[in-house]
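A short write-up of the structure that comes next.
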Amino acid sequence: MIRSKRAVSPVISSVILASVTITLGIIVLVWSQTRSTTYQEEYGEVIRTEVSRLKERLTLEYSFYNSTGGCIKLYFLNYGTANDLELQTIRLSNDTWQRTFSSFTLKFLNGSVISDQDLDRGEEGYVTLSVSPNSLVDGQYYYVTVTTERGTSFSWGFVP
Amino acid sequence: MNRRKFLRNRMGASNIIGTIFFVVIAISVTTGVFFWTLMQNFVYQEAVLESNQIDHYRFLEDVEAENGVYTVLSGHRVQVSAKLTNLGSVATKIVNLWVYDVTLEKYGFNDTINTVLNLNLKPGESKNVSAIVTISGASNSDEFRSWFITSRGNAISIQEKYELPTELAPQIGSLIFNFVEFRYFTYQTSTRLQNYPSGTKSYNVPSNTYIAFGAKITNVDPDRRTMTIDSHSLIWVPDNVRAASVQRGKLFYVVNVDSNGNILSTFTDISIEYGQTKLIVFASSEDGSFSSADRVKFEAIPWSGHTICSFILIHGTFDSTPYGQNIPFVALYVE
């Protein structure tokens, strides 16, 4: 059989074809596995974010404007079922004016700074915003709109 | 024969096996991804449901806070007392109490009330709450507004128990009298009242029997001061029975009564804090003291069968400032 050359070339070609097929198959398999894993991770992340976003609830317990200092204190409560509610921006506005704050310090009601700068479930906290050189007009209706890091928006009205 | 041929023929078998193998892998991968995606969608749907439930339960929450009374204690501590009633169909947890001093334009809060007072209300449950909020500079004469915050983010305004309009309070006085709760007592012994403190709620009183009166007085002072009733307070029943004669009538001076109905021989001033209601007993013909000889009765002649007027004359101090008030409109019929 070793000396016989008649069957060698078909065998070699078969081996080559099989090898190529198997290699391509494995490559396709690995690629599809990678793609599906990536898809699962991305989709899972989207779902997780959406789920957390759906569970986010925030209420404005109280707002107090100090006209002397030009500061407004906004007291919040996370009454949703999602932890780590992070305030990304706070916009104060009325019909003719608006101002957006993206840099502020979130504190507990006792005045200590919240270390992770977010509100967990049931947590209360407040921010102090300086509106100077503008000032809020006593008796006018203003809106405060909070956008969270997950993209949820909450809006309330207040009268200084 | 054909089956034997097929089994002996090695050509093509590997292709079939390979194809089946890859098809199985492809199906298992896609099936896994498919079911995983279904699971993720299920998780999302669950979250949507939960989200809707949060809002639904929030709307179902219905709590009433009434009988609010503000008392400023030492150290500018504003004591807020109120009755909370859960009118909704879901359990409620109170997490914060806010108080706004309208006069000073200052505010305060108490976010430990749930921890301290365990303010969880079942549907239909009522609880009396008394919590302290510190507002620097607050005083009893200030005007306050307050509200509770629930764990679902709802705010519950506290309705004040006594909201006498500022223009009305100086006209009708700082003490109010409950006509429905007016009562009289007969004597079990010479110095002990019968059936105290219930007495007999009636405006018809017996003649020829020693009696005492009980009146429920509430302090609704707009400045939230404490009223101190002194011994000069009395119920005066003028003698309108004998025409054309000026008679002193009957005097029932205020007395102290212990929990068993015994009238004490000497009188000690009675304090009524803002918002507080006390049963004040009038029994003695003498100012400041009582003995069996000081009991008062309406003799059958000439009182029996007549309707007579009486005046509750309250005298004392509001935070050491002298105060007097006449509560009229009480009529009695002597049987």
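Quantities reported herein were computed from a predicted structural model and do not represent experimental measurements.
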Query raised in the report: Picking from G44(A), S36(A), A82(A), which has the most non-hydrogen pairs under 4.5 angstrom with chain B?
Result: G44(A)

Report summary line: Honestly, the part of E50(B) sitting under 4.5 Å from a heavy atom of chain A is side chain

Report summary line: Ranking E105(B), Q40(B), K93(B) by heavy-atom pairs under 4.5 Å to chain A gives rank one to Q40(B)

Requested in this report: Go through the atoms of E46(B) and report whether side chain, backbone, both or neither lie under 4.5 Å from a heavy atom of chain A.
Outcome: neither

Report summary line: Applying a strict 4.5 Å limit to non-hydrogen atoms, the region of T81(A) in contact with chain B is both

Report task. Answer whether the closest heavy-atom distance between the side chains of L109(A) and N96(B) falls below 4.5 Å. Result -> yes

Requested in this report: Please check if atom CZ in R35(A) has more than 12 non-hydrogen atoms from other residues, nucleotides or ligands closer than 6.0 Å.
Outcome: no

Query raised in the report: Quick one: does S51(B)'s side chain have a donor or acceptor within less than 3.5 Å of a partner on L54(A)'s backbone?
Result: yes

Query raised in the report: Does any N or O in the side chain of R58(B) come within less than 3.5 Å of the main-chain N or O of Y79(A), such that one atom is a donor and the other an acceptor?
Result: no

Query raised in the report: Does NZ belonging to K83(B) count more than 12 external heavy atoms closer than 6.0 Å?
Result: no

Query raised in the report: What part of L77(A) is in contact with chain B, defined as an atom under 4.5 angstrom from a non-hydrogen atom: side chain, backbone, both or neither?
Result: side chain

Query raised in the report: How are the rings of Y39(A) and W36(B) set relative to one another: parallel (under 30°), tilted (30 to 60°) or perpendicular (over 60°)?
Result: perpendicular

Query raised in the report: Taking atom OH of Y126(A) and atom CZ of F109(B), what is their separation to the nearest 0.5 Å?
Result: 7.5 Å

Query raised in the report: Can you tell me how far CD of Q53(B) sits from NZ of K55(A), rounded to the nearest 0.5 angstrom?
Result: 11.5 Å

Requested in this report: Mark yes when over 12 heavy atoms from residues, nucleotides or ligands other than F64(A) sit less than 6.0 Å from its CZ; otherwise mark no.
Outcome: yes

Report task. Could you tell me which portion of Q40(A) (side chain, backbone, both or neither) has an atom closer than 4.5 angstrom to a non-hydrogen atom of chain B? Result -> both

Query raised in the report: For Y43(A) and N41(B), what are the C-alpha separation, side-chain angles and deciding distance, and is it a side chain to side chain contact (heavy atoms under 4.5 Å, CB included)?
Result: CA-CA 10 Å; Y43(A) 191 66; N41(B) 287 340; 2.5 Å; yes

Query raised in the report: Which atoms of Y44(B) come close to chain A, meaning under 4.5 Å heavy atom to heavy atom: side chain ones, backbone ones, both, or neither?
Result: both

Query raised in the report: If we ignore angles and hydrogens, is there a donor and acceptor under 3.5 Å between the side chains of Y75(A) and D111(B)?
Result: no

Query raised in the report: Is any side-chain heavy atom of D55(B) closer than 4.5 Å to a side-chain heavy atom of R57(A)?
Result: yes

Requested in this report: Please state whether the side chain, the backbone, both or neither of T30(B) comes within less than 4.5 Å of a heavy atom of chain A.
Outcome: neither

Query raised in the report: Which heavy atom of I149(B) sits nearest a heavy atom of E61(A), and at what distance?
Result: CG1-OE1, 3.7 Å

Requested in this report: Sort E56(A) into side chain, backbone, both or neither according to what part of it lies under 4.5 angstrom from a heavy atom of chain B.
Outcome: neither

